[in-house]
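Computed over heavy atoms, backbone and side chain alike; hydrogens, waters and symmetry mates excluded. Computed from a prediction, not measured in an experiment: that's the story for all the values here.
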Amino acid sequence: MANTLLFGTLTLILPLVYLQSLIDPVNIPRMALGQSILGITFFVASFRSKKTVISFTWFHMLAILFLFLSFLSFPIARDQSSFIFEYGKYFFLLGVILITDRAVRTNRLDIHIISAMVTYAFLFQSILGLFHLVYKIPLYVGVLKVGNHQFLGTMTHSNQFSIHILMMFPLVLFNLTAKNRLHRIASIVAIVIGISLLIAAKTRSVWVAFPTALLASTTLFISSPAIRIKTMRSISKKKLTVFLATISLVAVSGIMMYRDQKDISRHWQQLTKLQSSGRTRHWSHTIDLIKERPLIGVGTGNWRLHYAQLGAMHVQRPHNDYLWIASESGLLSLVIWLLIGGIVVHALWRLNRIQHTSKSLIAVLVFGIVSFAIVSFFSFPKERTMHLLYFGVYTGLTLGLGRKELVLKEHQIRFPKRYAGAIIACFLLWTGFFSFNRAVSEKKYKVAITNDDLSAQHSISLLNRVDQFYYRSDPMSIPVNFHKGMNYLETGNFQLARANFEDALKTYPLHIEAMVNLGTLYELAGNRELAVESYRNALKVNGRNPGARLNLAVLEYKAGHYDESRQLVRGLSEEKFRNNRQQQSQLRLIKSLLQKR
């Protein structure tokens, strides 16, 4: 019963989380869905188990150590709600790996069913992406809509689309070995369309990952003597010519379908010169952040709240998962993450040397693991639930096959297995509940800040209903209290506005707009010293901020510090305040007054 439940969970969770990822651009709801399904599964399966001994490998020990080290930074995290949400993703990944591992070892997992299911989902998503591309529909305009949601996992977001397609590719390739002819044809069509769209999507990390993963899996596939002899005998010059011609045609069609071939050329040149849309700058500043806190990091989910002091405001991620882990959880956590990857790769290599193992399955698993590893260097697959789900399935398949076919050294401890499963279940259910409430709070938050028809008082009412235990700041690091402060400003309640800006700075001490607004409120209250301090703090974060410079220049002029005031307004133009006529008039006035001094 328990083993059947494990396989049923994998068969259920893939399509549900996949469809939810298509119709909702937010990552949170599908995290809640995935964690809840896994939690219920562990809860039921744990009470079906009567074993009192737990067997575990080096993989399990390293995974537990990684989770422990990552948790050490929880007390110092500025946004602990983001910490819990992001930390829950690691448990989600572990849950998928453990379920897949168990399903493989108990012969309850039919990989052909999973691969066929993923192939048709792949084909559906590729056709949607092709529709977007051929009809030149602008980005972020959905082909289909369900309520207020659009199908996002298409060419509406080329980065998410292409990495999503890449992570599905191994199972599509494996479906070529299916006995059903229709499944094989679907795989061929999906591969042709998919490769064309991967080229057209111009995601540089995929351009590196796809050929590298293909080369690695092909090399491993033909490295076995039996496979090599059989392959060389079956390949004729005619077959090789047809294969190369097909690949060339697919590549050319992908380039020709894209509406701006010069753009592809520019992206390729940037890739060869390691110029990647500011990524190298993010990496450099993240390394500086790691040097400041090398042991336990700044806290999972809190990188964005610390980055402003080193780089730019409102950056969500460093576009490198390895640096991300090191900066948030410490260098030792990164070492353990890499060791876990090394164990998986070593297991695949050993499995490939066994005569009776499926070499095609080993090859596609290598493709999936290598793809995730390379994309992690340029992008952020660990942030997205679907990417973690596929990576967990590939890792779980490898671990399950390794424990089943190889003589892996296992350690045992006397501990009721049902209690271990119940512990994992409780944490997954808690993080699922947390993610659900976070999604509810985020929905209220977005309605309050995006609906221009709402009055300030109505927006405040909605923001007050946002539970900040689950949602303290949005993905762009803007605290909920900042928006409450802005609405209180609009209603003229300066006291509550000031209190909310002060609370916002406790969550994000580097929020420039909150500092400038707080300085203005201090100035209105007649507290010049605190106003000057607030403006100077804003300029320490960004010395070019026009609002802080203008307001501080006015205060310095009133205090008789004309040289300081003149220095602050130097280089400021009315264009900097094109959306604020009052500040434009203030700038003209202060400049004219300074000219008379």
Side-chain angles (χ1 to χ4, degrees), residues 11 14-15 18-19 21-23 110-137 142-144 151-158 160-203 206-207 209-211 213-214 217-218 221 234-235 238-259 264 358 360-361 363-365 367-368 371 386-387 390 393-394:
T11 311
L14 273 170
Y18 172 75
L19 289 174
S21 71
L22 281 179
I23 64 175
D110 190 339
I111 189 62
H112 287 286
I113 294 178
I114 300 292
S115 62
M117 187 168 61
V118 170
T119 297
Y120 288 107
F122 183 103
L123 189 59
F124 167 71
Q125 187 168 333
S126 297
I127 291 172
L128 279 182
L130 187 64
F131 187 90
H132 273 247
L133 194 64
V134 171
Y135 289 96
K136 298 179 174 59
I137 297 175
V143 175
L144 298 173
F151 280 86
L152 184 78
T154 62
M155 289 294 286
T156 51
H157 192 302
S158 59
Q160 178 167 323
F161 166 81
S162 55
I163 298 178
H164 199 159
I165 288 290
L166 180 68
M167 292 308 299
M168 298 168 77
F169 228 97
L171 291 172
V172 178
L173 289 173
F174 184 74
N175 200 50
L176 289 171
T177 65
K179 295 180 180 180
N180 189 305
R181 185 182 179 187
L182 181 62
H183 291 346
R184 296 197 301 271
I185 293 174
S187 291
I188 294 171
V189 174
I191 289 170
V192 171
I193 299 176
I195 293 177
S196 299
L197 293 175
L198 288 181
I199 296 171
K202 63 180 178 60
T203 302
V206 173
W207 289 359
F210 185 85
L214 189 62
S217 57
T218 303
F221 181 72
S234 61
I235 294 179
K238 183 178 179 180
K239 288 182 179 179
L240 184 62
T241 304
V242 171
F243 174 76
L244 293 176
T246 303
I247 294 297
S248 301
L249 180 62
V250 169
V252 171
S253 64
I255 295 173
M256 294 303 295
M257 279 194 299
Y258 192 68
R259 45 186 174 269
I264 283 187
S358 171
S360 56
L361 178 58
V364 298
L365 290 177
F367 188 103
S371 296
M386 280 308 300
H387 303 165
Y390 287 117
V393 169
Y394 301 146

Between CZ of Phe122 and NE2 of His164, what distance do you get to the nearest 0.5 Å?
10.0 Å

Side chains of Phe161 and Thr203, heavy atoms from C-beta outward: is any pair under 4.5 Å?
no

Heavy-atom check, side chain of Phe174 versus side chain of Leu365, under 4.5 Å
no

Point-to-point distance, once rounded to the nearest 0.5 Å, from CD1 of Ile185 to CG of Asn180
9.0 Å

Quick one, Phe367 and Leu166 - any side-chain contact, counting heavy atoms below 4.5 Å?
yes

Within this structure, what is the OG-CZ distance for the pair Ser162 and Phe210, rounded to the nearest 0.5 Å?
12.0 Å

Quick one: closest heavy-atom pair of Arg184 and Leu176, and the distance?
CD-O, 3.2 Å

Could you grab the distance from atom CD of Gln125 to atom CE of Met168, nearest 0.5 Å is fine?
5.5 Å

Hey, are the side chains of Ile111 and Leu171 touching, using non-hydrogen atoms and a 4.5 Å cut-off?
yes

Applying side chain to side chain donor-acceptor pair (under 3.5 Å), name anything that partners Ser187, two or more places apart in sequence or on another chain.
Asn175

As an exercise, state the distance from CG of Leu173 to CD1 of Ile188, rounded to the nearest 0.5 Å.
11.0 Å

Once you round to the nearest 0.5 Å, how far does CD1 of Ile114 lie from OG1 of Thr119?
11.0 Å

Taking C-beta and beyond as the side chain, do Tyr394 and Pro170 meet within less than 4.5 Å on heavy atoms?
yes

Can you check whether Thr177 reaches His112 side chain to side chain, under 4.5 Å on heavy atoms?
yes

Taking side chain to side chain donor-acceptor pair (under 3.5 Å) as the definition, give me every residue that meets it alongside Ser358, ordered by chain and number, with sequence neighbours left out.
Ser360

Within the distance-only criterion (no hydrogens, no angle test), does the side chain of Ser126 pair as donor or acceptor with the backbone N or O of Leu123 below 3.5 angstrom?
no

